[in-house]
K.L.:
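Would you mind keeping the following structure in view while I ask a few things?
Ligands are counted one by one from 1 in listed order, and the atoms in each one are counted from 1 as well.
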Amino acid sequence: MPTVLILGGTGEARRLAAVLPPVYRVISSLAGRVADPARPAGEVRIGGFGGPPGLASYLRAERVDVVVDATHPFAARMSANAALACRETGVPLLVLRRPGFAERPGDGWRHVPSLEAAAALLPGLAERVFLTTGRQGLAHFAHLGAQWFLVRCVDPPQPPVPPRLEVVLDRGPFTVEGETELMLRYDIGVLVTKDSGGSMTAAKLDAARALRIPVVVVDRPPVTPGVACVATVEAVVAHLQA
Ligand code: NAP
């Protein structure tokens with residue numbers, strides 16, 4: 001029975017674990033960041049591997065036949081580690097990367113390469129900010145005393161955080177109605193998002209377009225050159241079967 005290791009932490013990774021036929025032994029790996037993660041079907045392991053050498057040892061010990069990197073598009077370190085460990089061990093690697101958000105007419109998007117660059121742009125844009133980039137990067141905004149932040153994340157953030165903020169603990173999927181109501185209630189002047197893509201969190205972009213709120217979009221890091229990459233769960237299944 002071939003063993004598939006899914007590097008997870010996304011809805012796609014969970015769906016892949018659920019739809020892979022029982023001819024495979026499926027192990028899903030989670031980083032352990034979220035206190036109460038949605039659990040994928042099949043075997044689950046939680047926690048870091050200990051860098052590329054740790055992952056390489058794991059691949060050998062569990063006799064993994066193929067790795068599917070279905071991590072979030074911004075989990076750049078894990079993806080780089082997977083590329084290194086797979087190259088070292090000769091285990092095939094397939095990246096599942098959903099497409100980014102699509103800009104539409106009426107969108108006022110400002111593309112930036114990093115959270116630091118997003119923070120640098122904010123003082124010229126608006127005072128009241130809806131920050132949806134996750135709790136881990138909040139330190140990049142902690143020096144902005146003149147801005148007020150509505151921060152939405154799954155678990156409570158740890159300092160350093162911006163001095164003026166309100167935290168909403170929530171996880172998608174979100175609706176356009178809900179996002180519109182939230183942005184109006186908090187008198188939001190600018191939205192900050194990663195280019196995560198996917199349908200779970202896209203409603204905020206529709207709401208911002210309708211409300212004519214500018215959006216700062218943090219561009220995603222590139223996939224490791226030379227690594228096979230597909231955009232859908234179905235394409236992963238087809239690739240594995242081929
Ligand atoms: P990261 O910066 O790329 O990875 C940091 C370290 O966390 C890795 O070196 C690895 O530790 C461990 N790690 C990450 N993903 C792992 C996985 N699936 N299984 C086992 N260990 C993992 O990762 P991140 O951006 O903090 O994201 C952590 C997790 O949250 C990922 O699984 C990702 O899919 C999910 N996520 C991330 C975001 C985001 O915006 N970054 C959003 C939603 C969900 P070792 O070096 O010790 O192996």
K.L.:
Please work out which of the three classes, parallel, tilted or perpendicular, describes the rings of H72 and F74, given edges at 30° and 60°.
P.N.:
tilted
K.L.:
Please state which option from E12, M200, R33, R171 has its nearest heavy atom closest to atom 5 (C) of ligand 1.
P.N.:
R33
K.L.:
Enumerate the atoms of ligand 1 whose separation from the nearest heavy atom of K194 is less than 4.0 angstrom.
P.N.:
39 (C), 40 (O), 41 (N)
K.L.:
Heavy-atom contact check, 4.0 Å cutoff: does L30 meet ligand 1?
P.N.:
yes
K.L.:
Tell me: protein heavy atom nearest atom 2 (O) of ligand 1, and distance?
P.N.:
R77 CB, 3.9 Å
K.L.:
What do the steps show when you test Q147 against F141 for side chain to side chain contact (heavy atoms under 4.5 Å, CB included), and what is the final call?
P.N.:
CA-CA 9 Å; Q147 261 66 38; F141 301 86; over 6 Å; no
K.L.:
Could you list which atoms of ligand 1 come closer than 4.0 Å to a heavy atom of G51?
P.N.:
45 (P), 46 (O), 47 (O), 48 (O)
K.L.:
Do you see a protein non-hydrogen atom under 4.0 Å from atom 30 (O) of ligand 1?
P.N.:
no
K.L.:
Heavy-atom distance to atom 10 (C) of ligand 1: which of Q136, M78, R135 wins?
P.N.:
M78
K.L.:
Look at atom 18 (N) of ligand 1 and say which protein heavy atom is nearest, naming residue and atom and giving the distance to 0.1 Å.
P.N.:
S29 O, 3.0 Å
K.L.:
In terms of atom number and element, which parts of ligand 1 are under 4.0 angstrom from non-hydrogen atoms of R45?
P.N.:
20 (C)
K.L.:
Establish, yes or no, whether the cationic atom of R128 lies under 6.0 Å from the six-membered ring centre of F149 and within 45° of the ring axis.
P.N.:
no
K.L.:
Membership question, hydrophobic clusters at under 4.5 Å side-chain separation (ILVMFWY): are V167 and L150 in the same one?
P.N.:
no
K.L.:
Within a radius of less than 6.0 Å around NE2 of H239, do more than 12 heavy atoms belonging to other residues, nucleotides or ligands occur?
P.N.:
no
K.L.:
Between the candidates G9, S79, A82, G8, which shows the shortest non-hydrogen contact distance to atom 44 (C) of ligand 1?
P.N.:
G9
K.L.:
Report, as yes or no, whether the 6.0 Å neighbourhood of atom CZ on R171 holds more than 12 heavy atoms from other residues, nucleotides or ligands.
P.N.:
yes
K.L.:
So, R45 and S29: side-chain donor and acceptor under 3.5 Å apart, yes or no?
P.N.:
yes
K.L.:
Side chain, backbone, both or neither: which applies to N81 and ligand 1 if a contact is any heavy-atom pair less than 4.0 Å apart?
P.N.:
side chain
K.L.:
Please state which protein non-hydrogen atom is closest to atom 11 (O) of ligand 1 and give its distance, to 0.1 Å?
P.N.:
G48 CA, 3.6 Å
K.L.:
At their closest point, which heavy atom of T193 faces which heavy atom of F101, and how far apart are they?
P.N.:
OG1-CE1, 3.9 Å
K.L.:
Pull out every atom of ligand 1 sitting under 4.0 Å from any heavy atom of A76, numbered as shown with elements.
P.N.:
3 (O)
K.L.:
Do R97 and S79 have side-chain N/O donor and acceptor atoms under 3.5 Å apart?
P.N.:
yes
K.L.:
Quick one: which of G11, G198, A75 has a heavy atom closest to atom 25 (O) of ligand 1?
P.N.:
A75
